[in-house]
2 protein chains.
Amino acid sequence: MRITIKDIAKRTGVSHSTVSRALGGNTLISEATTDCIRKVAQEMGYQPSAAARSLKTNQTKVIGVIVNSIDDPFFSEILFGIEDAAQQAGYSLFIAASQYDLIREQNIVQTMMEQRTDGVIICSSSFSADKGRQLLANGFPVVVVNYKANENFNYSIYHDDVDGSQQLTRHLLALGHKKIAYLGNSKSGRTSLDRLNGFKKEMRKAGVKINPAYIFEVEGSEPELGKDGLHYFMNLPDRPTAIMCFNDMLAIGFLHACQQACIRVPEDLSVTGFDNITLSAYTSPPLSTLDQPKYSIGNEAAQLLLELLGNKIENSNNTHKEKVLKGSLLVRNSTSAPLQNE
Amino acid sequence: MRITIKDIAKRTGVSHSTVSRALGGNTLISEATTDCIRKVAQEMGYQPSAAARSLKTNQTKVIGVIVNSIDDPFFSEILFGIEDAAQQAGYSLFIAASQYDLIREQNIVQTMMEQRTDGVIICSSSFSADKGRQLLANGFPVVVVNYKANENFNYSIYHDDVDGSQQLTRHLLALGHKKIAYLGNSKSGRTSLDRLNGFKKEMRKAGVKINPAYIFEVEGSEPELGKDGLHYFMNLPDRPTAIMCFNDMLAIGFLHACQQACIRVPEDLSVTGFDNITLSAYTSPPLSTLDQPKYSIGNEAAQLLLELLGNKIENSNNTHKEKVLKGSLLVRNSTSAPLQNE
DNA sequence: TGTCTTTCTGCACACGTGTGCAATAATTAT
DNA sequence: ATAATTATTGCACACGTGTGCAGAAAGACA
């Protein structure tokens with residue numbers, strides 16, 4: 001049987017309450033007994049029961065994190081940022097991946113509620129608003145990350161996708177491109193829309209018209225879908241000279257498709273990504289992209305949540321807090337000036 | 001305040017024991033009252049407290065998973081395999097990343113023990129054996145994945161790296177290569193060693209001698225290190241015609257370095273990876289590699305652990321169980337016959 | 001010496017759930 | 001109608017921890 005504070009109490013000849021206080025660092029207990037108890041606890045290999053503790057204190061010191069998919073390298077960096085902040089404050093992470101699956105989503109919410117997670121960070125842009133509201137309704141503090149249904153949530157951290165997209169567009173315009181196209185991801189909702197809007201905004205600003213045929217969406221951001229995108233754009237009577245991909249994963253697939261089709265990048269076609277995942281530096285050619293401050297985004301989200309946990313009053317209030325972080329343009333070799341004769 | 005079974009009891013006019021039994025599906029309770037209680041529980045939005053439950057039942061229905069790093073795409077597929085098996089059996093996952101950091105490792109073990117995880121799956125090849133033993137000593141069922149200090153653990157699932165490496169070597173030999181080199185990862189311990197041994201074994205079998213200078217190790221498998229590997233091999237007086245990289249990440253960096261150095265793959269140099277991560281299909285050229293059955297590995301590991309949880313007797317026993325899975329060769333375009341004049 | 005602080009510790013209850021046992025109600029057998 | 005059986009429910013305790021309150025011990029002061 002696993003040993004408890006009662007066992008320590010028996011061994012040291014004090015009551016279990018004294019043990020509880022001593023281990024908790026309560027100054028009421030004399031230094032002598034505290035030291036003794038601590039030593040015995042150490043010797044016996046005592047491990048407190050999180051379950052019993054949280055049952056009594058009504059807090060678990062665990063925060064739940066919901067992501068789309070674990071194997072998306074984009075999320076993993078956000079997780080680092082969250083983890084660092086959480087660990088520093090003595091919190092552990094309960095990570096769950098929704099996998100774009102409604103049943104899984106329901107299970108996750110169910111589990112988080114039963115586990116009495118102290119709070120939840122939703123990093124899944126596709127996570128259904130219903131489920132999120134369910135958490136809120138049950139009194140869970142919720143912080144959303146890069147989730148654009150902000151009207152539903154009071155606390156959010158997100159990246160300024162409109163600005164990021166504008167930076168990329170500006171870069172392409174400066175290189176001399178006019179026939180710029182956007183390859184979006186219909187599954188990604190607002191995120192894809194914002195990036196599209198940034199593109200449109202900057203083009204309007206520069207007074208360059210966008211060919212309506214230059215806006216195309218695929219259903220997801222798996223690299224495989226890049227091929228569909230390329231196929232579409234190359235079959236247009238008037239081909240674009242630059243493609244802005246929704247994100248790096250898609251861009252990587254797109255670059256690969258270019259290579260298979262013997263389309264030279266950046267000579268024949270400039271390509272950009274979005275996010276700056278690790279592997280985007282190793283594509284051929286290395287991808288020009290927008291570097292999202294992923295770590296900071298995660299870190300800020302965790303800090304905001306921790307703040308909410310500190311003063312629980314705020315949460316019931318109708319206070320509203322959001323933070324917008326901007327990324328920075330990262331020029332590598334997948335972009336260059338268009339050929340003269342185009 | 002959150003509602004409990006007592007609230008439901010008050011509302012339905014029965015005792016809380018009856019509610020507990022009804023919700024638990026105990027057949028002692030009449031169908032009528034069970035239905036009634038279930039309905040009321042639903043209406044009131046009752047969510048059982050995992051903490052209270054596990055305090056009483058002495059099981060948490062949570063299994064801990066320790067990985068090296070979340071952003072390694074290799075682990076994420078293993079996680080899928082684990083998750084599917086776990087979820088089907090009503091278990092949730094508590095995932096933690098050690099990040100090759102000793103302090104983090106200690107924290108993880110601490111947390112798992114306090115949370116009273118029902119069992120632990122260690123997927124981190126670098127995880128210190130001490131910490132693993134600590135878990136065992138505290139009565140946690142442990143299954144290790146691709147962890148080669150098997151002498152310490154009774155239950156393990158792993159991939160046959162020796163065989164995999166032999167398959168790759170055989171492939172290169174069949175293409176006509178004789179000057180084959182191995183780029184290892186010193187941080188990866190036995191895994192890298194097994195792959196090296198498979199290489200040696202197959203070469204011996206074919207009666208081809210290995211130039212001792214053709215075995216080189218870097219400290220890690222970040223793509224960036226591929227450059228160091230290339231630099232080393234290209235400075236040899238007698239260059240190899242094929243390089244077997246420890247894994248895909250390293251191979252991706254290696255390919256990138258080749259491109260920068262204007263070395264054509266596979267014409268000038270054949271390159272292989274190991275693991276078959278998603279992005280290995282999108283490199284330039286697409287990488288020939290060994291497809292590890294990652295999902296199956298994870299799935300089998302979870303099933304083994306679940307089996308252990310079923311009959312706890314086995315665990316105290318000195319029974320020993322291990323399962324070895326084999327991968328399959330995946331030929332893409334980074335390998336070809338060596339040039340005639342070499 | 002007695003009283004009043006101050007310092008320290010134990011008693012008893014609580015958190016939300018599960019379960020053995022006894023008690024009650026309903027049904028059947030005699 | 002009574003006894004015996006079965007079906008259904010409640011009582012009371014337990015899991016491991018934390019905490020208000022009272023009580024004991026020790027020292028300070030009159």
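Naming convention: chains lettered A, B, ... in sequence-line order (proteins, then strands); numbering from 1 in each chain.
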query: So what does Thr33(A) hit on the nucleic acid, given a heavy-atom distance under 4.0 Å: a base, only sugar-phosphate, or nothing?
result: sugar-phosphate
Asn58(A) CG to dT17(D) C1', in whole Å, measures 13 Å
Atom CG of Leu55(B) and atom C1' of dA14(D) are separated, to the nearest Å, by 9 Å
Residue pair His16(A)/Ile5(B) against DNA chain C: nearer the 5' end by closest nucleotide is His16(A)
5'-most contact on DNA chain D (nearest-nucleotide basis), Ala52(B) vs Thr27(B), goes to Thr27(B)
- Query: With a non-hydrogen cut-off below 4.0 angstrom, is Ser20(B) in contact with a base, only sugar-phosphate, or nothing?
  - Reply: base
- Query: Relative to Phe127(B), does Arg133(B) satisfy both conditions: NZ or CZ under 6.0 angstrom from the six-membered ring centre, and within 45 degrees of the ring's axis?
  - Reply: no
Assess the side chains of Gln303(B) and Glu307(B): does a donor N or O sit below 3.5 Å from an acceptor N or O?
-> no
note: Asn26(B), atom CG; dT19(C), atom P; distance rounded to Å ~ 9 Å
Please table the atom pairs, donor to acceptor, closer than 3.5 Å between any side-chain atom in residues 37-46 of chain B and protein atoms at least two apart or in another chain.
{"from": "Arg38(B)", "atom 1": "NH2", "to": "Ala22(B)", "atom 2": "O", "distance (Å)": "3.2"}

Under a 3.5 Å threshold, yes or no: a donor from one side chain and an acceptor from the other, between Thr57(B) and Ser54(B)? no
To the nearest angstrom, the NZ-C1' distance between Lys6(B) and dC13(D) comes to 12 Å
| query | Thr117(A) side chain to Gly119(A) main-chain N or O, any donor-acceptor pair under 3.5 Å? | reply | no
Per nearest nucleotide of DNA chain D, the residue lying toward the 5' end, Glu31(B) or Arg116(B), is Glu31(B)
Would you say the side-chain atoms of Asn68(B) pair up with the backbone N or O of Ser124(B), donor to acceptor, closer than 3.5 Å? no
> Does NZ or CZ of Lys294(A) lie under 6.0 Å from the centre of the six-membered ring of Phe74(A), at an angle within 45° of the ring axis?
Replying inline: no
Ile29(B) CD1 to dT24(C) C1', in whole Å, measures 14 Å
Discussion item. Can you tell me if Arg53(B) touches the phosphate of dG18(C), counting only side-chain N or O atoms and a distance under 4.0 Å to OP1 or OP2?
Written reply: yes
Whole-Å distance, Gln59(A) CD to dT17(D) P, equals 16 Å
Check your understanding: Would you say the side chains of Ser15(B) and Thr18(B) form a donor-acceptor pair under 3.5 Å?
Key -> yes
Taking 4.0 Å as the cut-off, does a side-chain nitrogen or oxygen of Thr18(B) come that near to OP1 or OP2 on dG10(D)?
yes
Taken to the nearest whole Å, CD/Gln115(A) to P/dG16(C) is 16 Å
Lys56(B) has its side chain closest, among dT9(C), dT9(D), dA14(D), to dA14(D)
Sub-3.5 Å pairs of nitrogen or oxygen atoms, protein against nucleotides 20-22 of chain C:
{"from": "dG20(C)", "atom 1": "O6", "to": "Arg21(B)", "atom 2": "NH2", "distance (Å)": "2.8"}

Does a side-chain N or O from Ser30(B) land closer than 4.0 Å to OP1 or OP2 of dT9(D), or not? yes
From the candidates dG10(C), dG10(D), dG18(D), the one with an atom nearest any side-chain atom of Val14(A) is dG10(C)
Discussion item. Checking side-chain polar atoms at under 3.5 Å, does Gln47(B) have a donor or acceptor matched by the opposite partner on Gln110(A)?
Written reply: yes
Under a 4.0 Å heavy-atom cutoff, the residues of residues 34-51 of chain B touching DNA chain D are none
Problem - Any Tyr91(A) side-chain heavy atom under 4.5 Å of Thr60(A) side chain - result: no
The nucleotide from dC11(C), dG16(C), dG16(D) with an atom nearest the side chain of Thr4(A) is dG16(D)
